[in-house]
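These numbers come from the heavy atoms of this one structure, side chains and all, not from hydrogens, waters or symmetry mates. Along the sequence shown, residues carry numbers from 1. Keep in mind that what you see is a predicted model, and the values were worked out from it rather than measured. Read the numbers this way: they start at 1 and go in the same order the structure lists the ligands and their atoms.
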Amino acid sequence: MTSKIALVTGATSGIGRATANQLAKAGYNLIICGRRADKIIDVSDELSALGAKVLTKVVDIRNRSEVESFINSLPEEWKNIDVLVNNAGLAAGLNNFAEGNLDDWDEMIDTNIKGLLYVSRMVMPLMLANKKGHIINLGSIAGKEIYPNGNVYCGTKHAVDALTKSMRRELAEHGIRVTGIHPGAVETEFSLVRFKGDEEKAAKVYEGFENLVADDIAEAILWCISRKPNVTINDLVIMPTAQPAAGLIIRGNGNVPMSK
Ligand code: NDP
Ligand code: 8X3
């Protein structure tokens, strides 16, 4: 295959889907995964229409053996992965510690930390063998700061930040680049997932200010991976202008510039 190959986890919606689209437009072929089979087909159709070759797989990244067989069973020509976007992740709930839901905690830790590690563990040897590659990890402003009741989600994203730095330290000598992307509030399915399908609660998160959209992050990812090979963007913290810090959103203030 002459085009470069990118693997995007959690490409069925939001930032992952937008990133897969941006990469297809830039000429990449795509390996995409997520748990929702119907959505994967929709995204695959979108990417094919943009001229990309697409390989799809329904995978729950929390499941170690699913991740192992996903990567092991890639056809040889698809194992030449140039870019891994470790995007799949979620927040579940927004409670104080004492009232925290342990299933939510497990889900966040299993997905955001362990799932990211399982995928990375399987893809890194392929990149090492090819002596090239770029790993993009989706952290969050919640991995740089904390906010009220963000507790375990913030903990998982702080872990992603630490793992990103460790990966970079270890892989630089092999010419493999590692970048952490840390967005503030991006309107995706994120809040709908966090509030377990409560649309009203999810919509309130984005009221009265101009949030980021998935393409803002996808464009930044494309910019990071298209720098000259001697340039690594270590870390990007990308915030809505109206969100100067984690958990602090300036709503309904005419002084904050809007794009339209
Ligand atoms: P979405 O909910 O829109 O997308 C999340 C994606 O992750 C979906 O494609 C989902 O697919 C996938 N996913 C979740 N769990 C699993 C799993 N166990 N196995 C495989 N895929 C999974 O949210 P975003 O696009 O906003 O989130 C993408 C990343 O960006 C996350 O890591 C999030 O923490 C991070 N982020 C988001 C911010 C925001 O404000 N939106 C801000 C900062 C960081 P499916 O359900 O089909 O499995
Ligand atoms: C999510 C970032 O600020 O919306 O990772 O909680 S924020």
Discussion item. Please list, in number order, the atoms of ligand 2 under 4.0 Å from a heavy atom of Phe190.
Written reply: 1 (C), 5 (O)

Fill in: Sorted by chain and number, the residues that approach ligand 1 to under 4.0 Å with a heavy atom
Gly10, Ala11, Thr12, Ser13, Gly14, Ile15, Gly34, Arg35, Arg36, Val59, Asp60, Ile61, Arg62, Asn87, Ala88, Gly89, Thr111, Leu138, Gly139, Ser140, Tyr153, Lys157, Pro183, Gly184, Ala185, Val186, Thr188, Glu189, Phe190, Val193

Worksheet item: Among Glu66, Arg121, Lys57, Met122, whose side-chain contact (heavy atoms from CB on, under 4.5 Å) with Ile71 holds?
Response: Met122

Worksheet item: Which residue holds the protein heavy atom closest to atom 6 (O) of ligand 2, what is that atom called, and what is the gap in Å?
Response: Tyr147 OH, 2.9 Å

Worksheet item: What protein heavy atom sits nearest atom 2 (C) of ligand 2, and how far off is it?
Response: Ser140 OG, 3.4 Å

Discussion item. Taking the side chain as everything from C-beta on, heavy atoms only, tell me whether Arg64 gets closer than 4.5 Å to Lys114.
Written reply: no

Discussion item. I need the single residue from Val8, Asp42, Ile32, Thr12 that forms a side-chain contact (heavy atoms from CB on, under 4.5 Å) with Arg17. Which is it?
Written reply: Asp42

Discussion item. Side chains of Asn63 and Ser65 only: does a donor on one sit below 3.5 Å from an acceptor on the other?
Written reply: yes

Practice prompt. For the pair Asp216 (side chain) and Val213 (backbone), establish whether a donor and an acceptor sit closer than 3.5 Å, ignoring hydrogens and angles.
Written response: yes

Discussion item. Heavy atoms only, cut-off 4.0 Å: how does Lys157 contact ligand 2, side chain, backbone, both, or neither?
Written reply: neither

Discussion item. Is a donor from one side chain sitting under 3.5 angstrom from an acceptor on the other, for Thr19 and Asn87?
Written reply: no

Discussion item. Considering both backbone and side-chain atoms of Gln243, is one of its nitrogen or oxygen atoms within less than 3.5 Å of a nitrogen or oxygen in ligand 2?
Written reply: yes

